[in-house]
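Letters A, B, ... are given to chains in the order of the sequence lines, protein chains preceding strands, and every chain is numbered from 1.
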Amino acid sequence: MSTVTRRPGARVPRQLGSLRRDPAAPWRNLDWVLIVAVLLIAGVGLLMVFSTSRGASPPYHYGKAAKQLLYIVMGIVAGTVVLVVDYRHYRDWAPFIYGAGLAMSLIVLTPLGSSHLGAQRWIDLGMFQLQPSEIAKVTFIVGISGLAAHFRGEPTFARTVALLAVSGVPILVVLAQGDLGTALVFVAMVPTILWIGGTKGRYLLVLAILAVAAGAAIVTSGTLKQYQRDRLTVFVTQSDTGVAAQHRQGAAYNLDQAKIAIGHGGVWGRGLFSASQTRTGQVPEQDTDFIFTALAEQFGFAGGAVLLALLATVVARVLRAAQLARDDFGAYLCAGVLAMFLFQIFENIGMTMGIMPITGIPLPFVSYGGSSTLANFIAVALVLNVRARRFV
Amino acid sequence: MVAAADRRVRFRALGLVCIGVFAALIARMWYLQVLNAPTYEHVATLTSTRTISIPAPRGRILDRKGRVLVDNVPTKVVAIDRQRLSDASDSDAVISRLAALLNHYEHPSKPFTSAGIRRTLRVNQVGPFDPVPLAENVSDQLLVDLVEHQADYPGVVAETRLLRQYHYGTLAAQVLGRVGPIPEAEWKANEHSKKPYAKDAQVGLSGVEQSMEKYLRGTDGERTVEVTPAGRVVRTIRTVAATPGDDVELTLDIDAQATTEKSLVAQVEATRSSRGYPPVPGAAALMLDPRNGQVLSMASYPTFDPASFVPTISEANWEALQQPDAHAPLTNRADAGLYSPGSTFKLVTATSGLEHGIITPGSIYMDNGYVKLTGCGGGGCYFTNDVGDGALGPIALPEAITKSSNVFFFNIGERLWENRGQVGDDALQQTANSYGFGLMSGIDLSDEKAVPVPTPERRAKQHRDNPKAFPDGGWYTGSNLNLAIGQGDLLVTPLQLASAYGQFAAGGDRYRPTLLLRVVKAFAPLSADGTPKNASDLIVQPAPVKTGHVDLQPDWRAAMLQGFTGVTQSSGGTAADTFTGFPFDRFSIAGKTGTAQLTGNKFSNAFFVGFGPTSDPGYVGVAVLEQAGYGASAAAPVVRSMFEPIATDGGWTTAQPTIPSAPTGGGSPRPGSTTTLPAADGAANGAGSTSDSSTTSTSTSIAGAGGR
């Protein structure tokens with residue numbers, strides 16, 4: 001009676017210690033904390049995009065939220081593809097990946113690119129406006145990491161200069177597109193990779209001094225357009241409450257409105273869809289660069305803290321992946337992604353609160369936008385890739 | 001690979017940077033959302049959006065050939081933005097500087113003063129965010145001065161507004177009507193409608209401007225702006241463009257209008273100068289097509305300049321228009337002037353007599369010059385022909401009409417009353433109603449007037465309701481006799497008279513008089529005949545509306561037509577002298593005179609109604625001159641002048657626009673349009689000529705070379 005009968009073809013339960021179980025298999029070493037955190041942030045972002053774009057009163061608009069959902073799905077698909085391929089192949093392909101990103105960024109400057117709001121950053125693909133500089137962030141990380149890894153941890157002065165030169169080209173291209181914010185993201189990545197690569201501290205110090213001097217020169221030299229200069233300097237001249245800012249226009253107005261919206265959120269927020277400032281379009285660019293204001297007004301300090309905690313989780317896991325990386329290339333990849341996320345988070349949220357200059361940088365996984373969403377998912381996939389293959 | 005220990009330090013440092021970044025963000029959030037939350041809460045409630053209306057350009061008004069009668073002209077306006085003025089540290093000084101500047105350049109009859117400007121600013125006719133206009137149509141030099149010294153005039157803005165422009169001066173002033181600021185009551189009535197008015201909206205206040213308001217007004221746009229706590233407009237959130245009003249094409253022919261007004265004014269002046277007295281305080285004339293009711297011209301004297309109401313009429317001008325000796329120039333006497341019809345009413349009496357078998361087309365009646373009521377004693381029992389007519393002897397209906405025998409029609413009135421047991425005590429009034437008398441004609445003008453035809457019943461009721469004003473509530477045989485020749489209490493408008501004779505001329509069907517040819521969307525491409533190329537651009541094109549019918553037997557109509565034709569064309573006709581030399585062979589005209597005696601020592605009101613060509617009438621013309629004497633001598637010349645150009649030249653005097661410039665509303669008069677006028681029989685084809693055929697240019701309102 002006790003005979004256990006089994007249907008033909010049914011799976012045989014695995015035995016502990018079976019040779020069929022490989023603890024080093026990449027799919028067993030996926031960082032699920034990172035994945036869940038990213039998906040949660042993307043979900044919050046989707047909700048924020050909807051809340052800022054649906055309109056103040058019926059009929060509500062679902063178009064932007066639907067598009068953002070599509071971008072997220074596209075990002076997950078692209079990320080999965082990037083994850084499946086062993087990242088060490090990317091090291092071999094690094095020069096080509098770097099070159100492809102650079103080429104895309106250059107296309108924008110030709111008549112094939114389309115311009116918007118005084119900046120030429122897009123390639124019009126019909127239903128989709130591709131912003132190559134977003135994608136180039138990731139290709140740039142792969143390229144620089146590949147080159148740095150090629151130097152095998154011996155960052156001599158000459159090698160450091162070579163690496164800076166290779167980094168400088170795409171930065172200049174992005175600057176030529178009038179995209180100061182993205183250029184700064186690139187700028188943040190290079191020293192981070194160099195730092196992890198063991199470059200001497202004094203080199204980096206010299207580099208930092210040079211960068212500050214160059215920045216000051218650019219701001220004061222007049223090569224920037226007035227609105228760009230205003231955006232960079234407004235956080236210095238901002239008012240405390242926005243009340244005295246009746247005559248302020250442009251960047252100052254943006255900042256005042258952003259701060260009013262954030263402050264209006266208070267500790268617990270106004271509630272979903274109940275925010276008077278961000279619901280009625282008072283804050284400019286509130287579904288892209290200023291989307292943090294929507295969250296802060298609707299969910300207050302509590303909601304903002306939760307989002308920051310999720311973002312901090314992502315940053316921490318990326319840092320951990322860098323530490324755990326099996327090789328230099330993996331560590332550099334993760335360090336580059338870390339720099340990218342950290343800088344964008346600090347710059348984006350910081351500018352809405354008036355502690356950073358205003359630049360057009362999206363908040364990773366939250367801001368509306370196809371190119372940046374795609375790039376961010378690919379970047380996370382690279383990190384997952386490095387960590388998952390740390391034993392193989 | 002660097003040393004593991006060194007790498008650990010480097011990662012730790014990177015971790016510290018990460019912690020620092022998030023700590024900074026959390027700290028700033030804490031500062032804004034917890035520590036400073038009350039401040040921002042306050043600011044957020046104060047910040048809000050406001051919506052400012054963008055007025056839509058009014059639609060144009062065109063005549064039946066597409067010539068622009070009224071459109072809009074952009075005008076420079078100096079206005080004050082109260083927000084910005086109140087911000088200025090020296091707003092009082094700004095106002096006094098501005099007053100001096102305006103006086104220097106504009107030389108207004110009433111100089112601008114600081115107190116006056118401040119009073120204007122207090123009047124809240126415009127929205128709180130709309131600049132308050134101070135001076136319109138200002139000179140370019142003033143604008144230049146303002147712009148050059150903008151710093152001295154904070155809050156003073158020069159802007160362009162669209163104002164109504166009348167291309168033909170005073171022509172058809174009462175028909176076109178005037179525009180002005182919306183009356184409070186009308187604004188309130190529309191406040192909750194789908195399309196509410198702005199507080200400072202310009203609306204039609206009379207004439208076509210008023211009756212066609214729904215087509216002309218367009219849809220205002222709006223600008224939603226963000227306003228800071230101090231009420232300052234910071235930025236525009238949303239702009240919805242205004243949709244201009246539709247073009248209204250009238251049945252009026254501006255050439256016919258010019259001819260009619262010119263004839264009327266000429267006759268009024270001739271009548272006045274020939275005798276010194278009578279005064280002729282007012283007059284009216286109109287012409288319509290009896291086959292569809294379309295009004296071709298409509299004139300009322302005295303008239304006014306509609307441009308004087310743009311943008312607002314001065315107090316002095318308004319007072320002048322209201323003076324008793326101005327004789328109500330704003331009133332359209334053609335559809336709102338009430339007059340005793342006099343003998344022109346014999347149309348009704350004749351028809352009623354025929355309808356009820358009192359007379360036949362051929363029956364003879366003995367005109368002894370008077371009628372004495374049976375069973376009546378004293379002087380009040382005698383009803384006579386007009387002075388000088390005497391006894392006409394044995395006459396039949398045609399001759400009675402031609403010579404306007406009172407006695408013949410007294411007889412009908414008397415016998416209708418005697419037979420009231422069979423025909424009812426209001427047989428004459430019933431027939432009058434069937435011709436449209438006593439009823440609103442239904443013309444698309446809101447100022448039309450009509451009073452019921454007096455009946456025994458109404459008179460009794462008036463007496464019951466108000467014995468003081470109507471001491472005698474009885475209806476007597478004499479009352480019926482008076483009514484039979486259009487005297488007594490009966491009052492009609494020139495329009496009703498034209499409509500009734502048009503009904504006779506058209507064979508018994510009466511069409512509602514109309515001024516509306518069609519309504520077309522602004523900027524619509526038009527084909528040669530004036531209709532829009534795209535059917536969707538045609539908003540309205542009303543078909544003729546039949547509003548009444550009289551069963552005219554052919555032999556009745558023939559006899560009456562013979563009589564009316566004789567009025568102008570046979571030697572004994574009452575208006576034969578006036579029509580001497582008229583080319584009847586080319587355009588056979590018939591008509592009827594009317595001379596309505598007035599109480600007191602006044603000259604009679606003079607009426608003439610004419611129609612033609614008699615074979616297939618396409619025109620009815622009416623003229624009335626108040627206190628001018630006999631219809632034949634005072635009114636008939638006007639109608640003759642109106643018809644003469646049709647008969648002789650094939651068209652009316654060409655009207656010259658006083659503003660020859662291209663219309664601002666887009667499109668231009670259609671030069672190639674063929675006439676849509678009913679062609680007169682014989683030679684009178686191709687009526688109407690285009691305005692570019694004349695070479696003389698003149699600034700008077702009624703212009704062009706004489707047509708006879």
>> I'd like to know if the side chain of B/R10 and the backbone of A/T199 have a donor-acceptor N/O pair within less than 3.5 Å.
In response: yes
> Non-hydrogen atoms of chain B under 4.5 Å away: do they reach the side chain of A/A322, the backbone, both or neither?
Replying inline: both
>> As an exercise: rank A/V315, A/T352, A/T192 by heavy-atom pairs under 4.5 Å with chain B and give me the winner.
In response: A/V315
>> Does any part of the side chain of B/M29, heavy atoms only, come nearer than 4.5 Å to the side chain of A/L308, both counted from C-beta?
In response: yes
> Which region of A/F292, side chain (C-beta onward) or backbone (N, CA, C, O), has a non-hydrogen atom less than 4.5 Å from a non-hydrogen atom of chain B, or is it both or neither?
Replying inline: side chain
>> Can you list everything that forms a side chain to side chain donor-acceptor pair (under 3.5 Å) with A/N348? Sequence neighbours excluded, please.
In response: none
> Roughly how far apart are B/W30 CH2 and A/M353 CE, rounded to 0.5 Å?
Replying inline: 14.0 Å
> Where do A/L319 and B/G15 come nearest, in terms of heavy atoms and distance?
Replying inline: CD2-CA, 3.6 Å
> Distance from A/Q323 atom CD to B/R12 atom CZ, nearest 0.5 Å?
Replying inline: 8.5 Å
> Which heavy-atom pair separates B/R7 from A/I196 by the least distance, and what is that distance?
Replying inline: NH2-O, 3.6 Å
> Non-hydrogen atoms of chain B under 4.5 Å away: do they reach the side chain of A/A261, the backbone, both or neither?
Replying inline: neither
> At their closest point, which heavy atom of B/L14 faces which heavy atom of A/W195, and how far apart are they?
Replying inline: N-NE1, 4.4 Å
> Where does A/L311 contact chain B at under 4.5 Å (heavy atoms): side chain, backbone, both or neither?
Replying inline: both
>> If I take atom CD1 from residue A/I260 and atom CG from residue B/L32, how far apart are they, to the nearest 0.5 angstrom?
In response: 11.0 Å
> For the atom pair CZ (B/F22) and OG1 (A/T313), what is the distance rounded to the nearest 0.5 Å?
Replying inline: 8.5 Å
> Rounded to the nearest 0.5 Å, what separation is found between the CG atom of B/L25 and the CD1 atom of A/I345?
Replying inline: 8.5 Å
> Quick one: does B/Q33's side chain have a donor or acceptor within less than 3.5 Å of a partner on A/A296's backbone?
Replying inline: yes
> Quick one: of A/L342, A/I349, A/V267, who has the most non-hydrogen atom pairs under 4.5 Å with chain B?
Replying inline: A/L342
>> B/K188: which residues meet the side chain to side chain contact (heavy atoms under 4.5 Å, CB included) condition with it, sequence neighbours left out?
In response: B/E184
